[in-house]
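Let me begin by presenting the structure, written as structure tokens, before commenting on it.
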Amino acid sequence: MLADALSLQLGYNATLVAIGATLLGLSAGVTGTFLFLRKRALVSDAISHATLPGVGLAFIVMVALGGDGRNLAGLLAGSALSAWIGLLCVQWLTRRTRLAEDAAIGAVLSVFFGFGIVILTVIQTMSSGRQAGLEGFLLGSTAGMLYADAVLIAVGGALTLLLVLLLRRPMTLVAFDPEFAAATGVNTSRIDLAMMGLVLAVTVVGLKIVGLILIVALLIIPPVTARFWTDRTDRVVAIAGLFGGLSGYLGAAISATAPALPTGPIIVLVAFALFATSLLFAPGRGVLAEVLRYLAFQRRVHVRQGLLALAQGQPIYERFTLRLLRQAGLARADGVATETGRARAAKALRDETRWGIVRQSEGFEAEAAFYDGLTEIEAVLTPDQIAEVDAAIGAPREVTP
Amino acid sequence: MSGAEFVPLSLPPLLIGILAAIACALPGNFLLLRRQALIGDAISHVVLPGIVVAFLVTGVVATGPMMLGAAGAAVLAVVLIEAVRRLGRIEPGAAMGVVFTAMFAGGVLLLEQSDTSSVHLDVEHALFGNLESLIWLEATGWSSLVDPEALAGLPPELSRIALAALGVLAFTVVFWRPLKISTFDEGFAATQGIPVGLLGISLVIVAAIAAVAAFDAVGSIIVIAMFICPPAAARLMTNRLEAQVGWSVGFAILSAVLGYVLAGYGPLWLGARDAVSAAGMIATVSGLILAAAALFGPHKMRSGAPKDA
């Protein structure tokens, strides 16, 4: 069943939904990356909630004009308009009052959503409103999607993706360094506006599939996930797109296999599973990699301290140090150094003495900054400099009574 | 309108709306000043999975387990957000977005998967609440307010939200000084021996309790609106915290009353037959109040900001 769904064999409608969801996830991931880098991820939450009154009002207007209230293009146009007004309200509240952006976001999303609910209850009392099915926009409903609707979503997703690819350079610039961007002649506020326009486009296109409450997840989760895998913007954008598209595709396919698996939540949960996996297992920034790095560091400290103790003839009481030294063949079980251990210990002590000279002399100020008790001195100083340091230490002296 | 109609049909929802608004607006003041305004948004989203899980575990729609489940989910969400933020070194907004959307999606999925068709539990109810249906059938008029037999028939949501509002009020009054100091200057509060971290977590938990109790009665949309809009409007009216809290409570009550009346009777005045959603209307009115404060509030800009910036 799942294999059928994954290979798009589950009928026409499911195939359309899967393609639409993939394109949507792709463009949402790419768009969301810029939003995330600009640290404005939750603005999308305000935008998506602000679509609701537009959907309702568009329905009322279309019915009043004698048309079919359920025309998807009309509903989406209405939602885009009210989301745009919501976005302007957020910006106006942030710029013209002393309220912080998070308060503005929360105010706009709750008020617009509340007003949308008022409109929905009005529609429910209209004679033609009983079967409007506008609640489907809250959580998305892909069952019984019309061919024209699916085409609209697919085309919308593709267009958004194209626009993002065209605007990616200026958006990257503005996300990282708005002042520099402005100095090079980029109109930052216009780019910001374009970025928000793209977010709005993704939101509107995603209304039917994911629903307005969860669309924000597609804009936030893939970029955050991608950030674990790389430090380069272009790659974050590509990986976020990949993860977004994958979530859309897998989610749509899984939800097509059973009736009680709603598309939107499944897509979000697939995205979250990818996120959780990356958080734990990504190389570099993942939790597991971090733990391994910490353990390796701990070992190096123990071995180093153990070697210094051996060199100075001090007994080692720390069991963990002893075990590490024994495993490396540097010490015997009773704590006495082996041949190699003595050599390494002598080297460690000599390096420590060299570091001591380096840290005391003014000429080595820059190099002394690298001292952390672990770094090999050869990694920081040239052989000439080491010779200089050794000259300062001096040759072995006779012990005078 | 006569008491015989008003007391059973409108008084309980009105009171519940007012109490819910106050219970949310009080902690909202501090959350707003601490730049944690969206915590309310996150909490109200994760309440849904909490309630669904409680239902699946106990198998009944009982208030006790559901409140526990919702509160547990709220605390879990706060912990998860903090964990994602620290472990993944992600900015707080994005961490919040990741956690609450995923938990909400899980809640919806669980709801669809489990057989809840026989009980009154669905997403729309969770979002909109059913303020209008909280009527007091036993009441016959104003005299019922002193009649113990009729009082026993009050909707249970009323006593719960009253208790929650009282608890929130007590928390605010008892911890007023530490709350105030730590909200404005956390470092100074720490030097004064105030357990800053504990206080911050307690504030979020109190907010969660208020949200869960209000959610039970009025749905999550009012909760988010009341956490943010009245305090935000109050912030634009004054520079003093005491006055801000006062204004916010006033605005909350005004939103609840005006919103309820407009939802119930507004459409009738306009010639329509049916009322509209009270929860939605209360949120809308609170937004209008905020808009008015943002346009005409005496302290709408930062002090010292240029006049025509």
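So you know, we letter chains A, B, ... as the sequences are listed, proteins then strands, and number each from 1.
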Closest non-hydrogen atom pair, [X] against [Y]:
{"X": "A:Ala103", "Y": "B:Leu32", "result": "CB-CD1, 3.3 Å"}
{"X": "B:Ala102", "Y": "A:Phe272", "result": "CB-CD1, 3.3 Å"}
{"X": "A:Val224", "Y": "B:Ala94", "result": "CG2-CB, 3.9 Å"}
{"X": "B:Ser277", "Y": "A:Thr121", "result": "N-OG1, 3.0 Å"}
{"X": "B:Val108", "Y": "A:Pro265", "result": "CG1-CG, 3.6 Å"}
{"X": "A:Lys39", "Y": "B:Glu91", "result": "CA-OE2, 3.4 Å"}

Residue, of [options], that accumulates the most heavy atom pairs under 4.5 Å with chain B:
{"options": "A:Val268, A:Val122, A:Leu99", "result": "A:Leu99"}
{"options": "A:Ser110, A:Ala100, A:Pro262, A:Ala104", "result": "A:Ser110"}
{"options": "A:Leu279, A:Val118, A:Ile267", "result": "A:Val118"}
{"options": "A:Gly286, A:Gly211, A:Ser278, A:Ala217", "result": "A:Ala217"}
{"options": "A:Ile266, A:Leu214, A:Thr225", "result": "A:Leu214"}

Proximal component of [X], with respect to chain A [non-hydrogen, under 4.5 Å]:
{"X": "B:Leu38", "result": "both"}
{"X": "B:His45", "result": "side chain"}
{"X": "B:Leu295", "result": "both"}
{"X": "B:Phe227", "result": "neither"}
{"X": "B:Ile228", "result": "side chain"}
{"X": "B:Met96", "result": "side chain"}

Original post:
Are any side-chain N or O atoms of B:Asp41 and backbone N or O atoms of A:Gly106, one a donor and one an acceptor, separated by less than 3.5 Å?
Top reply: no

Subject >> Side-chain donor/acceptor of A:Arg98 to backbone N/O of B:Arg235, under 3.5 Å >> reply: yes

Subject >> Spatial distance of atom CG (A:Leu280) from atom CG (B:Leu87) [nearest 0.5 Å] >> reply: 8.5 Å

Original post:
Once you round to the nearest 0.5 Å, how far does CG of A:Asp102 lie from CZ of B:Arg34?
Top reply: 13.5 Å

Original post:
Counting only heavy atoms not in B:Arg89, do more than 12 sit closer than 6.0 Å to its CZ atom?
Top reply: yes

Original post:
By a 4.5 Å heavy-atom criterion (distance strictly below it), what part of A:Glu101 contacts chain B: side chain, backbone, both, or neither?
Top reply: neither

[X] versus [Y]: any side-chain heavy-atom pair under 4.5 Å?
{"X": "B:Ile90", "Y": "A:Phe228", "answer": "yes"}
{"X": "A:Leu261", "Y": "B:Gln113", "answer": "yes"}
{"X": "A:Leu93", "Y": "B:Leu290", "answer": "yes"}
{"X": "B:Val84", "Y": "A:Phe275", "answer": "yes"}

**OP:** Quickly, which of A:Ile215, A:Val216, A:Ile220 forms a side chain to side chain contact (heavy atoms under 4.5 Å, CB included) with B:Thr101? Name it, please.
**Re:** A:Val216

Original post:
Among B:Val99, B:Val223, B:Thr284, B:Leu31, which residue forms the greatest number of heavy-atom pairs with chain A at distances under 4.5 Å?
Top reply: B:Thr284

